[in-house]
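Worksheet for the structure shown next.
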Amino acid sequence: MTDHLTIGILALQGDFAEHRQALERAGAAVREVRLPADLEGLHGLVIPGGESTTISRLMLAYDLMDPVRALARSGRPVWGTCAGAIMLAARVPDLDRPTLGLLDVGIRRNAFGRQVESFEVDLPVPALGEPPFHAVFIRAPLIQDVGPDVDVLARLDGGAVVAVRQEHLLATAFHPELTDDLRFHRYFVGMAEARARAEAGPGPK
Ligand code: GLN
């Protein structure tokens with residue numbers, strides 16, 4: 001029943017093409033979003049990895065900040081990966097540009113230092129079941145504080161939080177779109193499907 005769902009992918013900068021492919025393989029129709037009008041009728045939105053400074057600047061330039069906030073506040077699921085997670089966060093002390101401020105978390109950019117710019121790890125994610133998810137981190141942020149309504153979905157060995165969900169908002173510090181494992185994309189499409197079903201109300205018996 002996912003074929004009627006259209007998921008938007010913010011396509012201003014970053015690795016939106018990989019997300020597009022993964023979402024399509026997970027069964028959703030995908031629309032690239034560059035202008036506020038592109039948000040019309042979407043069942044969910046993905047904000048990709050890239051450079052949060054650039055994404056913030058372009059979202060302001062194209063007047064996308066308030067329309068994306070409105071989409072999220074209407075209950076439509078929004079998922080940010082890496083720079084996209086930074087854009088969702090309420091608190092990013094080392095970013096001197098606005099974020100959407102939707103997700104009640106504090107995030108530290110480039111948290112793993114210059115020596116360890118990128119790494120891959122098999123990450124247990126109980127919400128996805130077995131096996132662990134092969135997570136690709138690229139100049140990744142980490143989630144350093146979470147508000148009371150935020151569920152932690154995954155932690156690195158040392159305890160650092162790298163995936164969270166707050167109701168219809170999802171954030172991952174790593175890049176599920178860079179592996180063949182579609183479980184995170186299916187999980188997000190499932191969130192959008194549940195929301196669309198709730199909006200449609202009870203169907204005919
Ligand atoms: N380091 C980037 C930032 O701070 C995020 C990197 C990524 O999205 N892979 O925006």
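Everything quoted here is computed from the prediction, not taken from an experiment. Atoms considered below: every heavy atom in the structure, side chains included; atoms not considered: hydrogens, waters and symmetry mates.
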Inset, instruction - Step by step, work out the side chain to side chain contact (heavy atoms under 4.5 Å, CB included) result for Leu88 and Val105. - result: CA-CA 9 Å; Leu88 282 180; Val105 299; over 6 Å; no
Inset, instruction - Please test Phe119 against Phe174 for ring pair (Phe, Tyr, Trp, His ring centres under 6.0 Å), starting from the C-alpha separation and ending with a verdict. - result: CA-CA 10 Å; Phe119 60 96; Phe174 48 92; 9.9 Å; no
Inset, instruction - For Asp145 and Val161, run side chain to side chain contact (heavy atoms under 4.5 Å, CB included): C-alpha distance rounded to whole Å, both residues' side-chain angles, the deciding distance at 0.1 Å, then the answer. - result: CA-CA 8 Å; Asp145 69 90; Val161 176; over 6 Å; no
Inset, instruction - Apply side-chain hydrogen bond (donor to acceptor under 3.5 Å, both in side chains) to the pair Ser52 and Arg109, showing each step before the final yes or no. - result: CA-CA 9 Å; Ser52 50; Arg109 297 177 61 212; 3.3 Å; yes
Inset, instruction - Determine, stepwise, if the pair Val164 / Leu169 fulfils side chain to side chain contact (heavy atoms under 4.5 Å, CB included). - result: CA-CA 8 Å; Val164 295; Leu169 303 175; over 6 Å; no
Legend entry - Pair Leu71-Leu45, side chain to side chain contact (heavy atoms under 4.5 Å, CB included): steps then yes or no: CA-CA 9 Å; Leu71 177 113; Leu45 178 73; 3.8 Å; yes
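Using a 4.5 Å heavy-atom cutoff, the side chains of Pro36 and Leu64 are in contact. Val78 has its side chain out of reach of His168: every pair of non-hydrogen atoms, C-beta onward, lies at least 4.5 Å apart.
Within a 6.0 Å sphere centred on CG of Asp180, other residues, nucleotides and ligands contribute 12 heavy atoms or fewer. Within a 6.0 Å sphere centred on CD of Gln21, other residues, nucleotides and ligands contribute 12 heavy atoms or fewer. Summarising the local packing, CD of Glu40 is surrounded by 12 or fewer heavy atoms from other residues, nucleotides or ligands at distances under 6.0 Å.
The two residues Pro141 and Ala173 have their closest heavy-atom pair at O-CB, 3.2 Å. Taking every heavy atom of both residues into account, Tyr187 and Ala127 meet most closely at CE1-CB, 4.3 Å. The shortest heavy-atom contact between Pro124 and Ala154 is O-CB, 3.9 Å. Minimum interatomic distance between Arg20 and Val30 (heavy atoms only, all atoms of both residues): NH2-O, 3.4 Å. Scanning all heavy atoms of the two residues, the minimum distance from Arg69 to Thr99 falls at NH2-O, 3.0 Å. Pro93 approaches Ile107 most closely through the heavy-atom pair CD-O, 3.5 Å.
Using a 4.0 Å cut-off between charged side-chain N and carboxylate O, Arg195 and Glu193 make no salt bridge. Salt-bridge formation is detected for the pair Arg139/Glu51: a Lys NZ or Arg NE/NH1/NH2 atom is positioned less than 4.0 Å from an Asp or Glu carboxylate oxygen. Checked for salt-bridge contact, Glu130 and Arg183 miss the test: no charged N lies under 4.0 Å from a carboxylate O. Ion pairing of Arg31 with Asp38 is absent here, as no side-chain N (NZ or NE/NH1/NH2) approaches a carboxylate O to less than 4.0 Å.
With values rounded to the nearest 0.5 angstrom, Asp66 atom CG is found 9.5 Å from Met59 atom CE. In this structure, Arg76 CZ and Leu39 CG are separated by 10.5 Å, a value rounded to the nearest 0.5 Å. Between atom CG of residue Leu102 and atom CD1 of residue Ile47 there is a gap of 8.0 Å, rounded to the nearest 0.5 Å. With values rounded to the nearest 0.5 angstrom, Asn110 atom CG is found 10.0 Å from Arg108 atom CZ. From Ile143, atom CD1 reaches atom CD1 of Ile86 across 10.0 Å, with rounding to the nearest 0.5 Å. To the nearest 0.5 Å, the span separating CG on Leu128 from CG on Leu153 amounts to 7.5 Å.
There is no path of hydrophobic side-chain contacts, each under 4.5 Å, that joins Val46 to Leu100. Note: the hydrophobic cluster containing Leu42 does not contain Ile9 (ILVMFWY, side chain heavy atoms under 4.5 Å, direct or indirect links). When the side chains of ILVMFWY residues are joined at heavy-atom separations under 4.5 Å, either directly or via intervening members, Leu123 and Trp79 end up in a single hydrophobic cluster. Both Leu35 and Ile55 belong to a common hydrophobic cluster when Ile, Leu, Val, Met, Phe, Trp and Tyr are linked at side-chain heavy-atom distances under 4.5 angstrom. In the hydrophobic cluster analysis, where Ile, Leu, Val, Met, Phe, Trp and Tyr join through side-chain heavy atoms closer than 4.5 angstrom, Val68 is grouped together with Val92.
Using modelled atom types, one side-chain atom of Ser56 and one backbone atom of Pro98 make a donor-acceptor pair closer than 3.5 Å. Of the possible polar contacts, none joining the Thr172 side chain to the Ala163 backbone as a donor-acceptor pair under 3.5 Å is found. Between the Gln166 side chain and the Asp104 main chain, a donor and an acceptor come within less than 3.5 Å of each other. Counting only distance, with no hydrogens or angles, the side chain of Thr179 and the backbone of Pro176 share a donor-acceptor pair below 3.5 Å. No donor-acceptor pair under 3.5 Å is formed between the side chain of Arg155 and the backbone N or O of Val162.
Between the side chains of His43 and His4, no donor-acceptor pair of N or O atoms lies under 3.5 Å. Between the side chains of His134 and Glu120, at least one donor N or O lies within less than 3.5 Å of an accepting N or O. No side-chain donor from either of Tyr62 and Arg57 sits under 3.5 Å from a side-chain acceptor of the other.
No option in Glu18, His175, His19 other than His19 meets the side chain to side chain donor-acceptor pair (under 3.5 Å) test with Thr81.
Both cation-pi conditions hold for Arg34 and Phe16: the charged atom is under 6.0 angstrom from the six-membered ring centre and inside a 45 degree cone around its axis.
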